Amino acid sequence: MALTGLFLCTFLVGHLAGNLQLLISDPTHAAESFNAYAQFMTTNPLVKVLSYVTYFSILFHAIDGIMLVMANRAARPQRYAHEKASTSSVWASRNMGILGTAMLAFIIIHMSDFWFEMHFEMKPTFKLDNGDEVKDLYLEVVEAFHSFPYMLLYVLCMIPIGFHLYHGFQSAFRTLGLVHENLTLLVKRVGVIFSIVVPMAFAIIPLYVYHFIPSAEEIQKSESYKAKSTLIEVEND
Amino acid sequence: MNLKLKIWRQEGPNDQGRMVDYQANNVSDDMSFLEMLDVLNEELIEKGDDPIAFDHDCREGICGMCSLFINGEAHGPVKGVTTCQLHMRSFKDGETIFIEPWRAKAFPVVKDLAVNRSAFDRIIQAGGYVSVNTSGNTLDANAIAIPKPDADKAFDAATCIGCGACVATCKNASATLFLSAKVSQLALLPQGQVERKERVTKMLHQMDEEGFGACTNTGACFVQCPKGISLENIARLNSEFRNALLS
Ligand code: HEM
Ligand code: SF4
Ligand code: FES
């Protein structure tokens, strides 16, 4: 649990770093940067290996986690009639299974949105500075986040991630046997900051796109974008 | 003061059990929680009822025999004390008090509030010992120099009285805090080195065998432990186990 959990924490940082390119305010620049990044991520063999390690980690972590929760529930067949759990432990630590399941649901929605469309359904393409014509994932993201319920879903789904990390980050170090007291204190503080900053940074992206980036149609109308974009037709709902 | 009590009654291991309401009147502030139950039991006996079974022995907070999950917390609302050291002044007149046994698959109820904690003994038997020479030339323990910080930490771990509050309060009914104290007190000392690797492996294995849950670091055990056994011991247990696995 700890090894896969911490690996997934590093994955989150990498994923976030890539996505922060969506905060570039000029759509043409953002599209160039983000689409070039997407091309790198889908073609580089090393990234490919890393992505399989990530899929495996999520799967293993989720299955192992759910088995752990079930085994631990079985260790107390008869519940207490009256239990004041909140006096001795934080809520997140008692609900890792529920938080994780919410995250798993989000990951599935998320993968079927962007990943699936990227691989199988995308229509508009974008001509990169290196001459390659790639599927315009940037436009797809902008289009998606201009739908209010969709944007809201992405923002709200960062909440369980924050709580999961709030307990999980520091927990993993104790599981791995970090005994040193000062380091433990440091890990705790870093964990709290990590669990707030990372989900917040993720949540800023849909909020930013929704409020400050023009809609996909408008972007496609601009001269600088037209020169790069090859397909005008965008699905409207 | 007068109190409403909701107490778990169970005739034996195979009885289903239920919460039963009792009234305790004229309870003195100075009584310990167990004395309050003693008085209630006197009344029950006078009425010809079956007295409530509960565990206790030293009544001075050192043996680890008393238990009870009181108002949703192990050893009641006061931190750092066992139930025998809990006094009625910690409760308010007219209050309703829930009294339940430790709940864990590995701690089956014997009767009412008394549970069988011999699973702890079996964990100790699995590896919580050191080998000493008893052939007549036994070494004086004080002849072995031990760094003061190590001795202090070992001693702190050794203050665990094996009460089981950690298990009772853990959402996973895990005995990890208890186990970590027992492993730490020996792993930190020179005398504990001979069996160091096999000790942690065997004791952990026994904990799983007994049906305790696994640790997920909620930290509730430490909060409710009457001896304040530190979570650092759990980190040490994990590190001991990792070293045993890797070597
Ligand atoms: C990016 C995704 C995720 C990250 C970064 C992450 C991180 C972590 C970390 C660091 C831990 C602590 C490990 C330990 O104490 O040894 C943990 C525990 C756990 N995770 Fe995740 N996790 C993720 C996704 C999931 C998912 C999808 C599930 C699905 C069920 C899940 C379920 C659990 C459970 C049940 C536990 C823990 C046991 C507990 O401490 O109560 N996690 N996670
Ligand atoms: S660790 Fe604390 S709560 Fe657990 S058995 Fe020892 S003294 Fe009791
Ligand atoms: S009866 Fe001995 S510790 Fe409470």
Side-chain angles (χ1 to χ4, degrees), chain A residues 1-3 5-6 61 64-100 163-188 191, chain B residues 6 8 16-19 69-74 77 79 96-109 153 167-175 184 208 210-225 230-243:
Chain A
M1 286 310 303
L3 289 177
L6 284 182
H61 184 87
D64 197 24
I66 289 173
M67 277 169 40
L68 179 67
V69 168
M70 292 200 309
N72 282 345
R73 276 190 77 86
R76 175 165 297 133
Q78 173 121 32
R79 316 251 112 206
Y80 289 106
H82 181 46
E83 192 173 3
K84 263 194 215 154
S86 60
T87 49
S88 37
S89 62
V90 295
W91 182 85
S93 75
R94 281 177 271 123
N95 292 281
M96 291 296 276
I98 294 165
L99 290 166
F163 279 102
H164 197 79
L165 294 175
Y166 181 78
H167 174 68
F169 188 89
Q170 51 88 33
S171 166
F173 287 87
R174 197 181 303 133
T175 305
L176 292 177
L178 177 76
V179 184
H180 198 283
E181 277 165 75
N182 296 342
L183 274 181
T184 308
L185 201 67
L186 182 73
V187 161
K188 267 193 185 155
Chain B
K6 288 183 178 292
W8 181 260
Q16 246 217 316
R18 68 218 68 86
M19 297 299 286
F69 209 71
I70 302 162
N71 270 353
E73 291 184 77
K79 300 288 169 286
T96 302
I97 305 177
F98 282 78
I99 310 171
E100 297 175 75
W102 287 170
R103 296 248 181 250
K105 190 176 165 211
F107 286 165
V109 171
K153 283 192 170 145
V167 174
T169 203
C170 174
K171 90 182 218 306
N172 309 324
S174 174
S184 287
D208 290 344
E210 298 291 347
F212 293 103
C215 179
T216 59
N217 294 320
T218 69
C221 51
F222 156 73
V223 176
Q224 297 291 351
C225 170
S230 162
L231 295 175
E232 188 189 318
N233 292 303
I234 295 186
R236 186 175 296 104
L237 169 74
N238 289 332
S239 134
E240 290 290 317
F241 183 58
R242 187 194 57 212
N243 291 342

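Worth knowing before you read on, the calculation uses all heavy atoms, side chains too, and leaves out hydrogens, waters and symmetry mates. Proteins get letters first, then strands, A, B, ... in listed order; numbering begins at 1 in each. Every value quoted in this text rests on a predicted model; they were computed, and no experiment measured them.
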Practice problem: With a 4.5 angstrom heavy-atom cut-off, could you sort out which part of B/Leu237 is near chain A: side chain, backbone, both or neither? | Solution: neither
Quiz prompt | Any side-chain heavy-atom pair of B/Gln224 and A/Thr87 under 4.5 Å | solution = yes
Self-check item: Chi angles and distances behind the side chain to side chain contact (heavy atoms under 4.5 Å, CB included) call for A/Leu68, B/Thr216
Solution: CA-CA 9 Å; A/Leu68 179 67; B/Thr216 59; 3.8 Å; yes
Quiz item: Relative to chain A, which segment of B/Phe69 carries a heavy atom at a distance below 4.5 Å: side chain, backbone, both, or neither?
Solution: side chain
Quiz item: Under a 4.5 Å heavy-atom cut-off, does chain B meet the side chain of A/Ala74, its backbone, both or neither?
Solution: backbone
Practice problem: Pick one of side chain, backbone, both or neither for A/Ser171, based on which atoms fall under 4.5 Å of a heavy atom in chain B. | Solution: both
Practice problem: Give, as side chain, backbone, both or neither, the part of B/Ala74 having an atom under 4.5 angstrom from any heavy atom of chain A. | Solution: neither
Quiz item: chain A heavy atoms under 4.5 Å from B/Asn71: which part of the residue, side chain, backbone, both or neither?
Solution: both
Quiz item: Roughly how far, to the nearest 0.5 Å, is the NZ atom of B/Lys105 from the CD atom of A/Gln78?
Solution: 14.0 Å
Quiz prompt | Exercise: identify the closest heavy-atom pair between B/Gly211 and A/Ala75 | solution = O-CB, 3.5 Å
Exercise. Before giving the answer on side chain to side chain contact (heavy atoms under 4.5 Å, CB included), spell out for B/Arg103 and A/Arg79 the whole-Å C-alpha distance, their side-chain angles and the decisive distance to 0.1 Å.
Key: CA-CA 7 Å; B/Arg103 296 248 181 250; A/Arg79 316 251 112 206; over 6 Å; no
Exercise. Sort out for me which of A/Ser88, A/Ser93, A/Ala92, A/Ala85 touches chain B most, counting heavy-atom pairs under 4.5 Å.
Key: A/Ser88
Quiz item: Is chain B contacted by the side chain of A/Arg94, its backbone, both, or neither, given a heavy-atom distance below 4.5 Å?
Solution: both
Exercise. Flag the one option from B/Phe107, B/Trp8, B/Phe222, B/Phe241 with the top tally of heavy-atom pairs under 4.5 Å to chain A.
Key: B/Trp8
Quiz prompt | Atom OH of A/Tyr166 with >12 non-hydrogen neighbours under 6.0 angstrom | solution = no
Exercise. Give the minimum heavy-atom separation between B/Ala220 and A/Ser89, together with the two atoms involved.
Key: CB-CB, 4.0 Å
Exercise. Provide the closest heavy-atom pair for A/Asn72 versus B/Ala214 in the form atom of the first, atom of the second, distance.
Key: OD1-N, 2.6 Å
Practice problem: Describe, in one word, how the ring planes of A/His82 and B/Phe98 are oriented to each other, choosing from parallel (under 30°), tilted (30 to 60°) and perpendicular (over 60°). | Solution: tilted
Self-check item: Whether over 12 other heavy atoms sit under 6.0 Å from B/Lys79 NZ
Solution: yes
Quiz item: Of the backbone (N, CA, C, O) and the side chain (C-beta and beyond), which part of B/Cys170 lies under 4.5 Å from a heavy atom of chain A, both, or neither?
Solution: backbone
Self-check item: B/Glu232 vs A/Thr184 side-chain heavy atoms within contact, under 4.5 Å
Solution: no
Practice problem: Check whether B/Pro101 gets within reach of chain A through its side chain, its backbone, both or neither, counting any heavy atom under 4.5 Å. | Solution: backbone
Self-check item: Greater than 12 external heavy atoms within 6.0 Å of A/Phe163's CZ
Solution: no
Quiz item: In Å, rounded to the nearest 0.5 Å, how long is the span from NE2 of A/His167 to OG1 of B/Thr218?
Solution: 7.0 Å
Quiz item: If every non-hydrogen atom of B/Ala104 is compared with every non-hydrogen atom of A/Pro77, which pair is closest and at what distance?
Solution: C-CD, 4.5 Å
Quiz prompt | Interchain contact, A/Ala71 with chain B, by part (heavy-atom threshold 4.5 Å) | solution = neither
Practice problem: Report yes or no: do B/Asn217 and A/Thr175 form a side-chain donor-acceptor pair below 3.5 Å? | Solution: yes
Exercise. Enter the distance from B/Asn238:CG to A/Arg174:CZ here, rounded to the nearest 0.5 Å.
Key: 9.0 Å
Quiz item: Who wins among B/Glu73, B/Glu240, B/Arg236 for the most heavy-atom pairs under 4.5 Å with chain A?
Solution: B/Glu73
